[in-house]
J.: 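So that we are looking at the same thing, I have put the structure below in structure tokens.
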Amino acid sequence: MHSSYDRADPEKLAAYNKLARAAVAAGGGRVLVRGGQVVAHDDGIAERTILIEFDSFEQAVAARESAAYQEALAVLSDAVKRDFRIVEGID
């Protein structure tokens, strides 16, 4: 199965990755998963997954809404189709 990243504009994706990584780090995020092997079960889709941990749900929302991350999104524009979620964790 090919993910939408496989069909992405490589220049836009590279520029986005550089800006997004800096924005996530500035927002206090820690990357736990970036790509790698995926096995999907039931109705799951085996596509590239990135998992980032923040100290709080609010911190994750603020990082997504930050000017730095919005700049990264503007660079990415419509280069890929993504499914982006912010999920509250458990203690």
J.: Quick test of your reading: applying salt bridge (Lys or Arg N to Asp or Glu O under 4.0 Å), list the pairs with at least one residue in residues 64-74, sequence neighbours left out, ordered by first then second residue.
T.: none
J.: Can any side-chain N or O of D42 pair as donor or acceptor with the backbone N or O of G44 at less than 3.5 Å?
T.: no
J.: Is the Y69 ring parallel, tilted or perpendicular to the F84 ring (thresholds 30°, 60°)?
T.: tilted
J.: Using the rule that Ile, Leu, Val, Met, Phe, Trp and Tyr join whenever any side-chain heavy atoms are under 4.5 Å apart, tell me whether L73 and V80 fall into a single cluster.
T.: yes
J.: Quick one: side chain to side chain donor-acceptor pair (under 3.5 Å) partners of D83, sequence neighbours excluded?
T.: R85
J.: List the residues meeting salt bridge (charged side-chain N to carboxylate O under 4.0 Å, His left out) with R21, not counting sequence neighbours, and say none if there are none.
T.: none
J.: Does the T49 side chain pair with the main chain of E47, one donor and one acceptor, at a distance under 3.5 Å?
T.: yes
J.: Looking at every non-hydrogen atom in both residues, tell me the closest pair between S56 and Q59 and how far apart they are.
T.: OG-N, 3.0 Å
J.: Using links of under 4.5 Å between side-chain heavy atoms of ILVMFWY residues, direct or through other members, which residues join L51 in one cluster?
T.: L32, V33
J.: Return the minimal non-hydrogen interatomic distance between F57 and I86, and the atom names on each side.
T.: CE1-CG2, 3.5 Å
J.: My understanding is that only residues two or more places apart in sequence, or in another chain, count here; which of them pass side chain to side chain donor-acceptor pair (under 3.5 Å) with R34?
T.: none
J.: Name all residues meeting the salt bridge (charged side-chain N to carboxylate O under 4.0 Å, His left out) criterion together with K12; count only those two or more places apart in sequence or in a different chain, and write none if there are none.
T.: D78
J.: Can you name the one residue among L19, I50, I52 that meets side-chain contact (heavy atoms from CB on, under 4.5 Å) with V24?
T.: I52
J.: Decide yes or no on side-chain contact (heavy atoms from CB on, under 4.5 Å) for E53 and V31, but give the supporting numbers first.
T.: CA-CA 6 Å; E53 179 182 52; V31 177; over 6 Å; no
J.: Which atom pair, heavy atoms only, marks the closest approach of A40 to A46?
T.: CB-N, 3.6 Å
